Amino acid sequence: MTLPPPTNTDSTSKINTDRRHKRTQSIQVHSKPKSHIRHGSLPHFPLPHQSTQVSIEILNKADITQHARPKETYGLVGAWCVCVVGVVLYNKQLMGKDQYNFNFPLLVSAVQAAITTLISWAWISLGSDPNLSTSINSNRRSKMIPCGVAAALEIGCSNASLVLVSLSFYTLVKASTPAWTLLFGYIFGFDRPLFSSPSGWKTMVVILVLGTSGVLAVAGEANFDVVGYLLVMVSCIVKALPIDHLLSLEVGPSEHPLVQMCCLGPVMTGLLFVLSVVFENPYVHFQHSYHFDSIVHVLESFGLMTIGGVLVFGSAYCELSLNRRPQTMMLGVVNVARQWVLIVLSVLLYGDTITLRTMASILLMMIGMSAHGVYFLKPKPIDPNYPSIPMYSRKLED
């Protein structure tokens, strides 16, 4: 009986391994995807080129409601116009030499800034939205300090000029602020250089028209005061400075106007009080002023300043609320109407003299500000090369 040959398990496993290896090598891997799409698979979308830029815009509750409620925008514009006109007339009546003659414009500005801060803080503290109180602590205070300094200088110079110049002259010179804003935009490189595009030529025309209006206003002023004119010009230049852009301080729609006023208010109040002590020396003048010769007059004086602070709060709240919304030509039209109303009231209430040069200045002012509203206060068109992807944040603020 012959026995079968012994089986070598190692050789057998080696043969099987070689067979499996050969089968594995026979599989071909396709590097290119198939042209057809299987059922149940996701469709193929071509990826954008590496140089393609996609802008992502994060929207919140304020972004949605500001487009959905145009009546609210109209109400803010009307309230802002009424408050601004009321503040200017009230301060002129309070500090004018021929009126109440309360010759402490820096002190008045400091008290009004303090009243604005107190109202904002009380509103936030007594409100039902907890996000407002927490956003004050997390706000970028260090970058907002220069903005508060600029706002204090602008308000202080404006109120101080009302003591020295007529209301019509003040209104015409202040109308040059849009020209300074456009000019600084090109100086600091935020806009395209002049003469390089049609928008540059439009900007140059607006600047020249408003500048000529200011020159005619100076030439036509019957009671010209150099110091008052310089104060108005400083307020225009400081207001037009793009400090927020220079500091990369982008105040988005999520920052409530009350939060901004609570951050800017203490800086403005402190600086204006210091300037009042240095330049006005109120403690010494209080002893010889009939506005503070008795307790009744002291309470009356601070009561009058408080009323102005309420008006300032209303104008600041409306202005900051409108800054969160897209600029429209309606704001330009309302701004022109506001300037016209101030000039008419200056003639009716204070008897300002209107010469031919002043009338020419008013005409150029209306043309320049109307052109500014038509060309520069329009919603920017969406660039198709940079698609916008709306995303909604979970933290919604009113």
Side-chain angles (χ1 to χ4, degrees), residues 78 80-109 112 154-177 210-236 239 280 285 289-291 297 300-301 303-305 307-312 314-315 334-370:
W80 169 75
C81 185
V82 172
C83 289
V84 170
V85 173
V87 167
V88 175
L89 292 177
Y90 190 86
N91 289 338
K92 180 62 178 178
Q93 186 70 25
L94 181 64
M95 295 177 291
K97 293 181 179 180
D98 300 331
Q99 282 74 40
Y100 195 72
N101 195 21
F102 192 83
N103 194 12
F104 302 99
L106 297 178
L107 178 63
V108 171
S109 303
Q112 291 176 352
E154 189 266 328
I155 295 175
C157 291
S158 297
N159 290 337
S161 65
L162 289 174
V163 181
L164 303 173
V165 300
S166 62
L167 182 59
S168 59
F169 181 74
Y170 168 86
T171 303
L172 289 174
V173 178
K174 285 286 287 187
S176 64
T177 302
L210 292 178
T212 306
S213 174
V215 172
L216 290 175
V218 173
E221 178 62 17
N223 300 318
F224 179 74
D225 188 273
V226 179
V227 178
Y229 171 72
L230 293 178
L231 288 174
V232 182
M233 287 302 299
V234 169
S235 67
C236 293
K239 186 176 180 62
E280 294 177 344
H285 289 85
S289 175
Y290 65 91
H291 297 295
H297 287 171
E300 179 185 358
S301 299
L304 292 174
M305 289 186 284
I307 295 174
V310 175
L311 292 175
V312 170
S315 64
V334 172
N335 203 16
V336 174
R338 178 178 65 88
Q339 306 291 348
W340 178 254
V341 168
L342 283 174
I343 293 174
V344 172
L345 291 178
S346 67
V347 176
L348 297 178
L349 298 178
Y350 306 113
D352 290 356
T353 303
I354 303 297
T355 61
L356 291 177
R357 293 177 180 176
T358 306
M359 294 179 64
S361 175
I362 295 173
L363 180 61
L364 290 178
M365 180 268 295
M366 295 181 64
I367 294 175
M369 296 195 70
S370 300

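Everything quoted here is computed from the prediction, not taken from an experiment. Residue numbers start at 1 and run along the sequence shown.
Between Tyr290 and His297, the ring centre distance reaches or exceeds 6.0 Å. Taking the six-membered ring for Trp and the full ring otherwise, His291 and Tyr100 have centroids separated by under 6.0 Å.
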Report task. Evaluate the side-chain contact (heavy atoms from CB on, under 4.5 Å) criterion for residues Val218 and Phe169: first the C-alpha distance (whole Å), next the side-chain angles of each, then the deciding distance (0.1 Å), finally the verdict. Result -> CA-CA 8 Å; Val218 173; Phe169 181 74; 4.0 Å; yes

Requested in this report: Could you walk me through whether Phe102 and Met305 pass side-chain contact (heavy atoms from CB on, under 4.5 Å), step by step?
Outcome: CA-CA 10 Å; Phe102 192 83; Met305 289 186 284; 3.9 Å; yes

Report task. Evaluate side-chain contact (heavy atoms from CB on, under 4.5 Å) for Ser168 paired with Tyr350, printing each intermediate quantity in order. Result -> CA-CA 10 Å; Ser168 59; Tyr350 306 113; over 6 Å; no

Report task. Mind running side-chain contact (heavy atoms from CB on, under 4.5 Å) on Leu89 and Leu167 for me, showing each step along the way? Result -> CA-CA 8 Å; Leu89 292 177; Leu167 182 59; 3.6 Å; yes

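Counted within 6.0 Å of CG on Asn223, heavy atoms from surrounding residues, nucleotides or ligands total 12 or fewer; the atom is thus considered open. Residue Leu356 places its CG atom among 12 or fewer non-hydrogen atoms of other residues, nucleotides or ligands, all under 6.0 Å distant.
If you take CG on Asp225 and CG on Leu231, they are separated by 8.5 Å, rounding to the nearest 0.5 Å. In this structure, Ile307 CD1 and Leu311 CG are separated by 8.0 Å, a value rounded to the nearest 0.5 Å. Atom OG of residue Ser315 and atom CH2 of residue Trp80 lie 9.5 Å apart, to the nearest 0.5 angstrom.
In this structure, Gly156 and Ser109 approach most closely via the heavy-atom pair CA-OG, 4.0 Å. For the residue pair Met369 and Asn335, the shortest heavy atom distance occurs at CE-ND2, 3.0 Å. Minimum heavy-atom separation, Met233 to Val173: SD-CG1, 3.6 Å. Residue Cys236 comes nearest to Thr177 through the heavy atom pair SG-OG1, 3.6 Å, listed as atom of the first residue, atom of the second, then distance. Leu164 and Gly228 make their closest contact through CD1-N, 3.8 Å (heavy atoms, listed as atom of the first residue, atom of the second, distance). Contact detail for Tyr229 and Val165: the closest heavy-atom pair is N-CG1, 4.0 Å.
Using a 4.5 Å heavy-atom cutoff, the side chains of Leu364 and Leu210 are not in contact. Using a 4.5 Å cut-off on side-chain heavy atoms (C-beta onward), Asn159 and Phe104 make no contact. Two residues are said to be in side-chain contact when any heavy atoms from C-beta on lie closer than 4.5 Å; Ile343 and Leu172 meet this criterion. Using a 4.5 Å cut-off on side-chain heavy atoms (C-beta onward), Ser161 and Val163 make no contact. Between Tyr90 and Leu304 the shortest side-chain heavy-atom distance falls below 4.5 Å. Contact annotation: the side chain of Trp340 approaches that of Ile362 to within less than 4.5 Å [non-hydrogen atoms, C-beta and beyond]. No side-chain heavy atom of Leu94 sits under 4.5 Å from any side-chain heavy atom of Gln99. Looking at Asn103 and Met95, their side chains never come closer than 4.5 Å, going by heavy atoms from C-beta outward.
For Ser361 and Thr358, the side-chain atoms include no donor-acceptor pair closer than 3.5 Å. Gln112 and Asn91 are linked by a side-chain donor-acceptor pair at a separation below 3.5 angstrom, with hydrogens and angles left out of the test. Counted by atom type alone, Ser166 and Glu221 present one or more donor-acceptor pairs between their side chains at under 3.5 Å.
No donor-acceptor distance shorter than 3.5 angstrom exists from the side chain of Gln339 to the backbone of Met366, with no hydrogens or angles considered.
Note on residues 154-169: pairs passing salt bridge (Lys or Arg N to Asp or Glu O under 4.0 Å), not counting sequence neighbours, are Glu154-Lys174.
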